[in-house]
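For reference, the structure discussed in these notes is given below.
Just so we're on the same page: letters track the sequence lines, and every chain starts at 1.
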Protein chains: 2
Amino acid sequence: MLSTRVRKGRCCQVRKPTIKDVAARSGMAIGTVSRVLNGSQATSEASRLAVLEAARELGYLPNAHARSLRSAHSGTIALLVPDIRNPFFAELARVVESAALDHGLATLLCNADEDAAQFDRYVEVIRRQRVDGVAMIPLGEAHQAIDRVIADAIPMVFLDRHVPDIAVPSVVSDPEPGLSQAVDRLLEAGHTRIGFITGPMASSTGRERFHAYRSAMAARGIDVDPELVSHGDFQEESGMQGSALLLDRGVTAILASDSLMSMGALRTCHARGLRIGQDIDLIGFDDLPVFTLTDPPLTVVDQPIAEIGRHGVEMLLARMAGEQADSVRLPTRLIDRSSTRKDAGSPAR
Amino acid sequence: MLSTRVRKGRCCQVRKPTIKDVAARSGMAIGTVSRVLNGSQATSEASRLAVLEAARELGYLPNAHARSLRSAHSGTIALLVPDIRNPFFAELARVVESAALDHGLATLLCNADEDAAQFDRYVEVIRRQRVDGVAMIPLGEAHQAIDRVIADAIPMVFLDRHVPDIAVPSVVSDPEPGLSQAVDRLLEAGHTRIGFITGPMASSTGRERFHAYRSAMAARGIDVDPELVSHGDFQEESGMQGSALLLDRGVTAILASDSLMSMGALRTCHARGLRIGQDIDLIGFDDLPVFTLTDPPLTVVDQPIAEIGRHGVEMLLARMAGEQADSVRLPTRLIDRSSTRKDAGSPAR
DNA sequence: ATGAAAGCGCTAACAT
DNA sequence: ATGTTAGCGCTTTCAT
């Protein structure tokens with residue numbers, strides 16, 4: 001392990017220039033400087049130039065805390081995600097942050113790390129920071145932490161998941177079209193024993209995807225056998241175990257209801273030496289880039305992540321402007337690749 | 001006049017309780033309340049209880065801006081990453097954020113999205129926010145934005161990459177051991193035409209990995225043929241194109257110097273119908289979870305992400321405490337899987 | 001159009 | 001141990 005010594009900087013400008021310094025240097029009053037910098041009121045061209053020049057020379061940057069303290073808005077929003085390592089949330093975070101920045105809003109990106117306690121700590125941070133708005137993917141559903149944000153009257157939207165009985169507008173995907181297509185796909189391929197790996201029933205996505213699956217099956221006259229349903233928790237481990245269980249019960253196809261569990265199912269099939277798309281069919285969730293690189297490329301139910309993020313920010317902006325906002329559901333769809341066989345009885349690819 | 005506007009369906013508490021309210025309710029002076037809440041000075045048990053009780057009843061939460069304005073530290077650090085979608089940075093972000101939270105510090109996670117302009121905008125946000133410290137993965141190297149952070153005297157550390165001539169302590173990985181093992185592995189398998197896909201020469205990681213590769217080859221008496229080096233940019237696309245180019249030049253093995261380019265190389269090999277580990281050997285970079293799920297599981301050079309993150313936070317904490325900090329390099333290592341053939345001339349697996 | 005001045009909510013220095 | 005008070009840097013009246 002190499003090691004390089006680094007000197008502590010010493011010639012650093014300790015006191016940062018304040019609006020007062022800019023006023024002094026430009027020969028203007030503090031109020032005028034503020035007005036020029038914010039464009040909040042008319043100013044003469046002469047003083048505008050003088051102020052801007054002084055600010056530039058001084059390298060002046062307004063103190064966000066002083067501004068927030070006085071003006072009751074901070075120019076920041078918070079985004080609270082359950083797990084930033086989950087590629088779905090990473091992508092969502094990128095979209096939200098980018099859309100927010102386009103509106104001049106900085107994003108405090110908070111990662112609950114699948115931990116309710118950390119979720120609560122971050123909600124507290126968010127409330128202390130007096131952010132202008134909050135976009136969150138709720139973790140679990142028994143949240144007095146969420147109630148507090150509402151009590152604080154901080155504009156908020158839910159992304160990806162919603163919570164019953166909490167009147168916060170949400171942008172979520174509708175699992176119905178995608179799962180309906182997935183069921184069709186599997187049925188056409190001749191499968192009679194299909195396994196489903198659910199998410200946690202404590203999340204709206206877990207419940208709704210399971211419900212959409214059962215509805216799709218019912219629409220084709222099939223009653224879902226509880227034996228062929230494994231209850232997971234959106235983590236890879238539960239996808240591994242769930243698929244193992246379902247395989248033991250003789251399923252010929254598996255539907256996993258989120259990306260991490262899809263990976264888990266893939267891993268179990270690999271471990272058992274199963275030829276996916278031949279011995280076993282597998283349909284995953286979320287169209288992650290890597291799913292085209294897996295063995296084999298995965299047939300998946302795709303969610304419109306970018307639209308969820310963009311729409312979510314617009315909705316939050318509307319709320320911040322005091323407007324009303326209606327929850328929306330964006331459709332999912334099936335992307336057919338090689339983890340599902342092409343015809344009944346015939347091998348895939 | 002208080003707002004009489006009717007907000008639909010919400011009876012929101014408009015004015016948040018301040019320290020003054022807590023003081024009034026508890027019958028204590030403001031100063032005492034502050035002391036109790038911060039534990040900054042001794043207080044009597046009786047007043048402590050009274051204050052705490054009043055604060056609880058009121059649902060009081062200190063205003064972070066007021067506190068920061070007055071006390072010159074904000075309890076937040078900023079983490080600036082080039083691309084949060086890159087699983088390497090997502091994992092690093094998680095580790096840093098978690099370590100920071102353990103020290104009572106909230107993390108402002110900023111995503112430059114591989115865009116220099118967005119990088120600069122976030123640096124400005126960071127400076128306005130008067131964060132207590134900054135951990136960043138520098139993007140490119142011509143950064144007056146970075147100089148400004150230094151001029152502001154905000155404690156800072158570099159993670160993953162460093163910038164020459166900028167005296168900021170860094171925690172980066174040492175590509176030498178891993179790449180040396182990778183070269184050994186390939187040479188033992190009998191390869192004579194090995195292709196290397198570099199990162200951008202404008203980043204320390206790009207330069208150092210390339211240099212480590214050449215050194216490792218030189219140590220085995222081999223001069224690297226410039227024809228067999230493709231210059232990429234750490235994006236998947238350049239991995240696809242670079243591997244295509246190298247393949248056209250007749251390489252029998254490819255070494256990619258980051259995870260995204262590894263995926264690109266994998267994709268090109270798939271597209272060409274090459275059997276990886278047989279027709280062509282491939283060694284990737286970073287041990288991402290998905291690399292065990294790809295076709296085939298990838299042999300990779302692994303970086304100790306968690307250590308980089310943890311060490312980085314410790315180093316930043318030290319800097320924030322006014323202490324000196326020494327840059328460190330953490331070793332990489334080879335993880336041997338199925339994308340490299342087992343013996344000269346014999347098929348893999 | 002601009003200057004003066006009153007705070008925003010808090011901490012810390014100074015009292016007692 | 002606790003009360004009092006002066007700001008932190010800024011926006012926003014209120015004058016002019």
Side-chain angles (χ1 to χ4, degrees), chain A residues 13-52 54-55 58-76 125 127-132 152, chain B residues 1-2 13-52 54-55 58-76 125 127-132 152:
Chain A
Q13 143 191 5
V14 171
R15 204 180 73 75
K16 286 159 199 158
T18 73
I19 197 170
K20 223 166 154 180
D21 299 317
V22 178
R25 183 167 191 116
S26 64
M28 297 285 119
I30 291 181
T32 306
V33 174
S34 175
R35 284 183 281 258
V36 168
L37 261 22
N38 295 293
S40 52
Q41 262 184 55
T43 50
S44 78
E45 191 59 16
S47 47
R48 219 181 66 83
L49 259 34
V51 166
L52 258 23
L58 256 25
Y60 170 74
L61 220 46
N63 181 320
H65 297 300
R67 184 177 289 200
S68 303
L69 182 57
R70 184 58 234 237
S71 67
H73 49 64
S74 62
T76 55
V125 168
R127 294 175 61 219
R128 299 167 97 111
Q129 291 289 331
R130 306 296 201 260
V131 296
D132 297 339
D152 280 356
Chain B
M1 175 169 152
L2 289 172
Q13 148 191 357
V14 172
R15 207 179 71 75
K16 284 160 199 156
T18 73
I19 198 171
K20 223 166 154 180
D21 300 317
V22 178
R25 182 166 192 117
S26 63
M28 298 284 119
I30 291 181
T32 306
V33 174
S34 175
R35 283 183 282 257
V36 168
L37 262 22
N38 295 293
S40 51
Q41 263 184 54
T43 50
S44 79
E45 191 60 15
S47 47
R48 221 180 66 84
L49 259 32
V51 166
L52 259 22
L58 256 23
Y60 171 75
L61 220 45
N63 181 319
H65 297 299
R67 183 176 290 198
S68 302
L69 183 57
R70 183 59 233 234
S71 67
H73 55 271
S74 62
T76 55
V125 168
R127 294 175 60 218
R128 298 167 98 109
Q129 291 290 331
R130 306 296 201 262
V131 296
D132 296 341
D152 280 356

Practice task
Check every strand shown and say whether S34(A) touches a base, only sugar-phosphate, or nothing at a heavy-atom separation below 4.0 Å.
Solution key: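 Contact class for S34(A): base.
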I need the minimum non-hydrogen distance between [X] and [Y], along with the two atoms involved.
X      : Y      : answer
A29(B) : A23(B) : C-CB, 4.1 Å
L58(B) : P17(B) : O-CG, 3.5 Å
V22(A) : Y60(A) : CG2-CG, 3.5 Å

[N] [atom2] sits how many Å from [X] [atom1], rounded?
X       : N       : atom1 : atom2 : result
I19(A)  : dG3(C)  : CD1   : C1'   : 13 Å
I30(B)  : dG3(D)  : CD1   : C1'   : 10 Å
Q129(B) : dG9(D)  : CD    : P     : 16 Å
L49(A)  : dT2(C)  : CG    : P     : 12 Å
H73(A)  : dC8(C)  : NE2   : C1'   : 13 Å
L69(B)  : dA12(C) : CG    : P     : 12 Å
H65(A)  : dT11(D) : NE2   : P     : 14 Å
R67(A)  : dG7(C)  : CZ    : C1'   : 17 Å

Problem - Shortest side-chain distance from R70(B), nucleotide among dT2(C), dT11(C), dT11(D) - result: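 The answer is dT11(C).
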Problem - Selection from dT11(D), dT4(D), dC10(C) that lies nearest to any side-chain heavy atom of A29(B) - result: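 The answer is dT4(D), which lies nearest to the side chain.
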Handout entry: Interface residues of residues 20-28 of chain B with DNA chain C (non-hydrogen, below 4.0 angstrom)
Key =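 DNA chain C contact set from residues 20-28 of chain B: none.
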Handout entry: Neighbours of DNA chain C within residues 38-47 of chain B, by heavy-atom distance under 4.0 Å
Key =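 N38(B), in order of number.
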Handout entry: Whether H73(B) side chain and S68(B) backbone form a donor-acceptor pair below 3.5 Å
Key =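 A pair under 3.5 Å: no.
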Exercise for the section: Give a yes or no on whether the backbone of Q129(B) and the side-chain of H65(A) come within a donor-acceptor separation of less than 3.5 Å. Expected result: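 A pair under 3.5 Å: yes.
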Exercise for the section: Indicate yes or no: at least one non-hydrogen side-chain atom of R130(B) is less than 4.5 angstrom from one of N63(A). Expected result: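 Counting from C-beta outward, R130(B) and N63(A) do come under 4.5 Å.
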Exercise for the section: For the residue pair M28(A) and V36(A), establish whether any side-chain heavy-atom pair is separated by less than 4.5 Å. Expected result: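 A side-chain contact is absent here, since even the closest heavy-atom pair is not under 4.5 Å.
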Exercise for the section: Would you mind telling me which residue lines up with the more 5' stretch of DNA chain D, S71(A) or G31(B), judged by nearest nucleotide? Expected result: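 The answer here is G31(B).
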Handout entry: Pair of N/O donor and acceptor under 3.5 Å linking dG3(C) base with R35(A) side chain
Key =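 Answer is yes: a donor-acceptor pair is held.
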Exercise for the section: Working to the nearest 0.5 Å, report the span between OG of S74(A) and CG of L69(A). Expected result: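 That separation rounds to 12.0 Å.
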Practice task
Check the surroundings of atom CZ in R128(B): do more than 12 heavy atoms from other residues, nucleotides or ligands lie under 6.0 Å from it?
Solution key: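 Atom CZ in R128(B) is crowded, with more than 12 foreign heavy atoms closer than 6.0 Å.
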